[in-house]
*Asks:* 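Sharing a structure, written as structure tokens. Questions coming.
All chains are named by letter (A, B, ...) in the order of the sequence lines, taking the proteins before the strands, and each is independently numbered beginning at 1. Here the structure is a predicted model, which means the values were calculated and not measured.
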Amino acid sequence: MKHLTTTLVTALALTAVPLATRAEDFPRRTIELIFPWGPGNAMAGSQLLADAMADELGVSMPVISTPGAAGTKAFMIAMNKPADGYTILDGYVAPLVLQPVLGNADWTYDDFIPLHAASSNAFAIGTSAENDRWADFEEMMAYCAEHPGELRYTTGSRNNLPHMVIAKALQSYDCVAQNIPYTANAEGMSDLKNGVLDFGFINVGEFQQNGDNYAIKLVLSELPASAEAFGNAPSIADLDIDLGLSGLAPLGWNWWLVHKDTPPERVEVLRQAMKAATANPEVRAKAAALGFAFLDWDWDQYDEVVGPVAGQLKAMGDALKWEEEELSKL
Amino acid sequence: MLAQSLIQGLDQFFTPLTLILTTLGVIFGLVVGALPGLGPLMGIVLMLPFAVDMPPVSAMGFLIAIGVGGSCGGSISAILLRIPGTPLAAATLFDGYPMAQKGRAADAIGIAISASALGGLFGGLVLILTAPVLADFASNFAPPEYAMLALTGLISIAVVSDGSLLKGLMTGALGLLIATIGTDEFSTGFRFAFHYEMLNGFHIVAIVVGIFAVSEMAQQVQAGNLNEKPTVKPVRPGFRSVLLTLRHWKNLLRSSTIGAAFGALPGVGGTISTFASYAVAKAMSKPEEGYGKGAEGGVVATESANNATVGGAMVPTLALGIPGEAASAVLIGAMLILGFFPGPALFADQPEIAGGIFLVYLFSNVSLLVVGIVMTPVFVWVLRLKKSYLVPVVLLLCAIGTFALQSSVFDLWVMMGFGVVGILLRAGGYPLAPLVIGVILGPLLENNLRRSLLISREGYWIFLDRPVSAILVAANVLLIASAIFWTIRLRKAQRARRAESPD
Amino acid sequence: MMIRKIHAEWLVTLLFVGVVALVFQQAATDMARQGIASGGPYDNAAAYPKAIAALLGGMVALQLALRLLRARSDEGPDAPGVPLRALLRPALMVAIFALYLGSLAPLGYHLTTPLMLAALMLLAGIRNPVAILVPALLISLGFSFVFEAWLKIVLPGGFLHLNIPW
């Protein structure tokens with residue numbers, strides 16, 4: 001039934017086009033996608049989808065990288081732009097749900113209108129391939145608990161989702177380690193590979209491109225598919241203790257959003273274009289090569305997917321606070 | 001690895017858009033080079049707002065081609081009018097202008113273009129062969145090395161800039177402070193963010209357009225002669241000039257080597273390399289060649305050197321992400337907006353971009369040879385453009401280009417503000433290049449400095465514990481010490497001279 | 001009155017001093033409030049700008065000292081300088097350009113651009129009205145065509161919403 005309605009709406013939208021072009025000629029110019037992180041694998045994934053969507057819309061869609069403040073800066077910039085459909089926000093979990101939960105941002109996910117879910121992107125904890133100090137994750141944690149503050153690790157930006165998840169995992173083992181922030185993922189990966197850092201977060205894209213550089217210690221997802229993407233490395237499902245990370249999978253999703261005051265007819269144009277772009281098999285194949293899987297969640301699944309996450313993230317936000325406090329005690 | 005990146009780059013390079021934009025870039029570069037007062041840097045700055053909306057390799061092709069065309073275009077006015085269009089062509093007039101006086105203007109321009117293109121190709125070869133090696137070596141660099149490298153880049157540009165060492169360092173420090181505006185990556189706090197559009201700092205393009213282009217226009221307006229229209233006879237060089245140039249093949253190779261080597265050194269740049277290679281060519285010439293009286297070799301030496309410099313300058317720019325001069329800094333700014341970081345990771349993870357940039361650079365030099373020689377009459381005609389029309393057009397381009405970035409009125413005022421700062425700095429004899437280099441290198445310096453300290457378990461010793469970092473620390477200290485030493489010696493010599501000649 | 005390089009140098013010195021003061025003021029107020037003005041390199045965002053500002057301040061002091069020394073050794077002013085009225089033209093150029101930037105959004109591109117171009121041409125010494133008006137209109141239209149039709153950038157329409165549908 002829903003499928004039928006969608007088809008009807010699309011058909012109506014299509015017949016309305018000749019009329020609408022006179023009254024409402026959208027889009028007429030470049031649409032910007034505000035991306036909350038620095039350039040790297042994730043941005044390449046967003047650019048890929050943006051390009052496919054641009055082909056659907058017939059205007060260009062540059063991805064504007066505005067990293068900072070765990071992604072909240074991008075949100076502030078996007079919210080201050082006019083609600084005219086020419087600004088799309090790449091809504092990652094951290095700035096969309098986590099930062100408001102932590103009290104670092106004054107919006108909720110209700111302040112945005114979803115276009116479509118974009119992609120999921122699992123990640124893992126790994127060390128340099130040459131690092132043989134620890135046989136497995138639990139050994140590393142045991143070492144860490146005995147030597148508080150000695151280990152260095154990175155999650156890319158500070159206070160992002162991987163940082164939160166890893167902080168929660170470390171807290172469960174009473175491991176205090178120093179997080180090292182990086183603007184560009186590639187720099188952090190280089191330092192991890194060269195052994196300057198003891199461990200770090202590794203996303204699927206990086207693993208698939210440069211897997212030989214790393215030894216994966218723990219995949220931070222219960223999904224068998226995620227462990228498979230990391231060469232069947234051990235995952236949180238294999239651990240004896242509960243890290244409190246279950247039920248959240250897939251962790252690294254993002255939704256593309258627009259300002260809630262955006263005119264509905266423009267939202268509709270964007271939604272249809274994005275849906276078509278994510279469904280394009282050629283684009284999906286390219287995304288898979290980068291380590292991304294597009295999500296098929298529709299705009300009306302937004303509340304159902306995003307809503308419950310807030311409560312679950314609260315516990316992880318506390319882990320970040322715990323880490324800060326423990327580090328300042330050292 | 002090299003062949004692979006070139007092959008992968010071929011896909012990026014061989015698109016109609018890239019080929020057309022690269023050729024257009026060469027043409028635009030030749031025009032801005034020929035027009036006195038503008039130059040390759042200004043050309044790149046003015047087109048920057050448009051380039052950042054294009055696919056990466058096409059955009060880089062466009063911008064690099066402007067640099068390539070601009071480095072050659074200055075020779076046209078040097079030869080015909082005895083006014084170098086850019087400082088790069090200042091040494092070209094030693095022999096180029098006498099050649100024109102003897103009725104060989106077409107040959108002189110033809111040789112200048114051929115030597116530029118061939119020197120540029122040589123520089124490209126150097127780039128392709130050395131940049132991947134350097135990037136590979138640098139792939140083991142960690143935060144301490146990058147922090148020290150950023151300092152080296154900044155200090156060397158301050159040392160070599162016009163004006164005093166102190167002034168260069170001061171504008172460099174101002175650039176570093178400007179770079180701190182916005183969100184701090186480490187604490188996730190905000191610094192100097194008085195307006196929500198400052199959360200991300202000032203847009204680099206607005207800064208660069210203001211500081212270079214707006215201030216340059218003010219200078220032109222103040223200099224006067226806005227309605228001068230030089231009389232130039234039409235000139236039509238032919239492809240025969242390539243053969244004339246190749247007759248000087250030893251000189252060509254030697255000067256291109258000097259140019260490429262000087263280009264790769266941070267801070268040195270094209271102007272110095274042209275004078276150096278001219279001096280060497282003159283010293284090695286036979287008396288009957290008549291250097292200074294219209295020798296072909298003089299034009300070959302300077303023009304091959306300044307275009308080889310472009311290729312050489314791109315070596316540290318691409319391989320390390322450290323710009324050697326202002327134009328490279330602007331190119332790095334463009335790369336960051338286009339979504340890729342120059343440095344070892346570029347060669348490892350995105351070899352197709354690195355390869356594509358190599359190819360557009362080579363192609364822009366081939367294009368320079370063809371377009372330059374065929375279209376010379378156009379560039380000669382351009383010399384007749386009055387500044388009274390040029391200045392308004394450039395200012396309009398500044399305004400609309402900056403607005404086009406993100407439809408922000410705030411950016412316009414940032415540009416205007418930096419325009420005024422640029423005017424002040426120029427008037428006070430402060431070099432502008434260190435400021436822009438400071439803005440580009442600022443985040444690299446601060447983040448790697450703080451990262452090093454976080455990683456280190458014994459504070460600042462981390463900079464001396466690692467061999468490469470320790471060498472760079474020593475180099476930085478040496479650079480500053482020798483610059484101070486020379487400044488004092490120069491001052492003393494000046495004072496002595498003044499005391500001898502009481503006027 | 002003659003304007004010499006030293007006058008501009010004093011203005012730049014003032015600019016630098018202002019910047020240095022601003023850095024320390026912000027570190028002591030805004031950054032302290034955010035809790036990012038103390039602690040180690042992980043949390044302290046103020047230490048680096050303060051260090052650079054202190055360095056800049058030190059260089060300003062050194063430069064002032066050198067300037068005084070040089071004045072006393074009676075080396076005299078370095079350049080002949082330019083008369084104040086020679087700066088009228090660049091100052092007017094900056095004023096016209098600033099006025100243009102300020103009126104671009106409220107009045108729109110098509111209303112302000114030909115005026116700005118014409119004013120600058122007049123300033124640059126062109127006196128023939130035809131040689132001003134025709135190029136000003138053509139350049140303005142030509143630019144709007146390139147930007148709007150080719151580059152798909154919507155130029156400010158102003159209160160009249162003047163946009164040419166190319």
*Asks:* Can you tell me which portion of Met415(B) sits under 4.5 Å from chain C's heavy atoms? Options are side chain, backbone, both or neither.
*Replies:*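 Met415(B) touches chain C through side-chain heavy atoms alone.
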*Asks:* Okay, side chain of Ser140(C), backbone of Ala136(C): is any donor-acceptor separation there less than 3.5 Å?
*Replies:*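 No, because the side chain of Ser140(C) does not come within donor-acceptor range (under 3.5 Å) of the backbone of Ala136(C).
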*Asks:* Look at the side chain of Arg127(C) and the backbone N and O of Leu122(C), then say whether any donor-acceptor pair between them is shorter than 3.5 Å.
*Replies:*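 Yes, because the side chain of Arg127(C) sits within donor-acceptor range (under 3.5 Å) of the backbone of Leu122(C).
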*Asks:* For Leu101(C), which atoms come within 4.5 Å of any heavy atom of chain B: side chain, backbone, both, or neither?
*Replies:*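 Both parts, backbone and side chain.
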*Asks:* Of all of Thr13(C), Asn44(C), Ile96(C), which one pairs up most often with chain B through heavy atoms under 4.5 Å apart?
*Replies:*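 Result: the option with the highest number of such pairs is Asn44(C).
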*Asks:* Checking heavy atoms, do the side chain of Gln34(C), its backbone, both or neither come under 4.5 Å from chain B?
*Replies:*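 For Gln34(C), the side chain is the part near chain B, not the backbone.
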*Asks:* Do the ring centers of Phe147(C) and Phe50(B) come within less than 6.0 Å of each other?
*Replies:*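 Ring-ring flag for Phe147(C)/Phe50(B): true, centres closer than 6.0 Å.
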*Asks:* Only pairs of heavy atoms separated by less than 4.5 Å count here; which of Val421(B), Thr402(B), Thr171(B), Leu169(B) has the most with chain C?
*Replies:*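 When all of Val421(B), Thr402(B), Thr171(B), Leu169(B) are compared, Leu169(B) has the most.
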*Asks:* Identify which part of Leu22(C) has an atom lying under 4.5 Å from any heavy atom of chain B, answering side chain, backbone, both or neither.
*Replies:*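 For Leu22(C), the contact with chain B is made by backbone and side chain together.
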*Asks:* Does the side chain to side chain contact (heavy atoms under 4.5 Å, CB included) test come out yes or no for Leu117(C) and Ile132(C), once each step is laid out?
*Replies:* CA-CA 8 Å; Leu117(C) 292 172; Ile132(C) 291 179; over 6 Å; no
*Asks:* Does NZ or CZ of Arg67(C) lie under 6.0 Å from the centre of the six-membered ring of Trp10(C), at an angle within 45° of the ring axis?
*Replies:*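 Pair Arg67(C)/Trp10(C) counts as cation-pi.
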*Asks:* Where on Leu66(C) is there a heavy atom nearer than 4.5 Å to chain B: the side chain, the backbone, both, or neither?
*Replies:*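 The side chain, not the backbone.
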*Asks:* Heavy-atom distance under 4.5 Å to chain B: side chain of Ala47(C), backbone, both or neither?
*Replies:*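 For Ala47(C), neither part sits under 4.5 Å from chain B.
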*Asks:* For the candidates Val393(B), Leu449(B), Thr188(B), which exhibits the highest count of non-hydrogen atom pairs separated by less than 4.5 Å from chain C?
*Replies:*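 Maximum pair count with chain C is reached by Val393(B).
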*Asks:* Got a donor-acceptor contact below 3.5 angstrom from the Glu148(C) side chain to the Leu155(C) backbone?
*Replies:*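 Indeed, once roles are kept as given, a pair shorter than 3.5 Å links the two residues.
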*Asks:* Is Phe190(B) in contact with chain C via its backbone, its side chain, both, or neither, using a 4.5 Å heavy-atom distance?
*Replies:*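 The answer is both parts of Phe190(B).
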*Asks:* Would you mind telling me which of Ile400(B), Leu174(B), Asp184(B) has the largest number of heavy-atom pairs within less than 4.5 Å of chain C?
*Replies:*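 Among the listed options, the one with the most contacts to chain C is Ile400(B).
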*Asks:* Name the member of Val420(B), Thr180(B), Leu177(B), Ile423(B) that forms the most heavy-atom pairs with chain C at distances under 4.5 Å.
*Replies:*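 Top count of heavy-atom pairs under 4.5 Å with chain C: Leu177(B).
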*Asks:* Please evaluate residues Tyr100(C) and Thr113(C) with respect to the criterion side-chain hydrogen bond (donor to acceptor under 3.5 Å, both in side chains), reporting the C-alpha separation (whole Å), side-chain torsions for both, the decisive distance (0.1 Å), and the verdict.
*Replies:* CA-CA 7 Å; Tyr100(C) 172 66; Thr113(C) 306; 2.9 Å; yes
*Asks:* Check whether the ring centres of Phe403(B) and Tyr109(C) lie less than 6.0 Å apart, and answer yes or no.
*Replies:*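 No, they do not, as the ring centres are separated by 6.0 Å or more.
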*Asks:* Relative to chain C, which segment of Val214(B) carries a heavy atom at a distance below 4.5 Å: side chain, backbone, both, or neither?
*Replies:*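 For Val214(B), heavy atoms of backbone and side chain both lie under 4.5 Å from chain C.
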*Asks:* Select one option (side chain, backbone, both, neither) describing which atoms of Leu397(B) are under 4.5 Å from chain C's heavy atoms.
*Replies:*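 Both backbone and side chain.
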*Asks:* Heavy-atom pairs under 4.5 Å with chain B are the metric here; pick the option from Pro156(C), Ala118(C), Gly125(C) that has the most.
*Replies:*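 It is Pro156(C).
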*Asks:* Hydrogens and angles aside, do Tyr146(B) and Ser452(B) bring a side-chain donor and acceptor to less than 3.5 Å of each other?
*Replies:*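 Side chains of Tyr146(B) and Ser452(B): no pair found under 3.5 Å.
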*Asks:* Report which part of Met116(C) has an atom under 4.5 Å of a heavy atom belonging to chain B: side chain, backbone, both, or neither.
*Replies:*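 Interface part for Met116(C): side chain.
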*Asks:* Which atoms form the tightest heavy-atom contact between Ala131(C) and Tyr389(B), and what is the distance?
*Replies:*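 Closest heavy-atom pair between Ala131(C) and Tyr389(B): O-OH, 2.6 Å.
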*Asks:* Heavy-atom pairs under 4.5 Å with chain B - which of Ala46(C), Ala105(C), Ala98(C), Ala86(C) has more of them than the others?
*Replies:*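 Most heavy-atom pairs under 4.5 Å with chain B: Ala98(C).
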*Asks:* Under a 4.5 Å heavy-atom cutoff, which of Leu412(B), Leu395(B), Leu226(B) has the most pairs with chain C?
*Replies:*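 The option with the most such pairs is Leu395(B).
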*Asks:* Name the region of Pro135(C), side chain, backbone, both or neither, that has any atom closer than 4.5 Å to a heavy atom of chain B.
*Replies:*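 Only the side chain of Pro135(C) comes within 4.5 Å of chain B.
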*Asks:* Name the region of Val94(C), side chain, backbone, both or neither, that has any atom closer than 4.5 Å to a heavy atom of chain B.
*Replies:*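 Both parts, heavy atoms under 4.5 Å.
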*Asks:* For the pair Glu216(B) and Arg426(B), evaluate salt bridge (charged side-chain N to carboxylate O under 4.0 Å, His left out) and give the outcome as yes or no after the intermediate values.
*Replies:* CA-CA 9 Å; Glu216(B) 174 67 41; Arg426(B) 270 179 204 258; 3.1 Å; yes
*Asks:* Is Ala45(C) in contact with chain B via its backbone, its side chain, both, or neither, using a 4.5 Å heavy-atom distance?
*Replies:*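 For Ala45(C), heavy atoms of backbone and side chain both lie under 4.5 Å from chain B.
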*Asks:* What part of Val23(C) is in contact with chain B, defined as an atom under 4.5 angstrom from a non-hydrogen atom: side chain, backbone, both or neither?
*Replies:*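 The answer is both parts of Val23(C).
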*Asks:* For Asp43(C) and Ser187(B), does a side-chain donor sit closer than 3.5 Å to a side-chain acceptor?
*Replies:*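 Absent: no donor and acceptor within the cut-off.
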*Asks:* Between Lys167(B) and Gly428(B) (side chain of the first, backbone of the second, donor and acceptor by atom type, cut-off under 3.5 Å), is there such a pair?
*Replies:*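 Yes; at least one donor-acceptor contact below 3.5 Å.
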*Asks:* Could you tell me which portion of Met93(C) (side chain, backbone, both or neither) has an atom closer than 4.5 angstrom to a non-hydrogen atom of chain B?
*Replies:*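 Interface part for Met93(C): side chain.
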*Asks:* Most heavy-atom pairs under 4.5 angstrom with chain B, which of Met31(C), Met121(C), Met59(C), Arg89(C)?
*Replies:*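 Heavy-atom pair counts peak at Met59(C).
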*Asks:* Crowded around Arg85(C) CZ? As in, over 12 foreign heavy atoms under 6.0 Å?
*Replies:*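 12 or below, so no.
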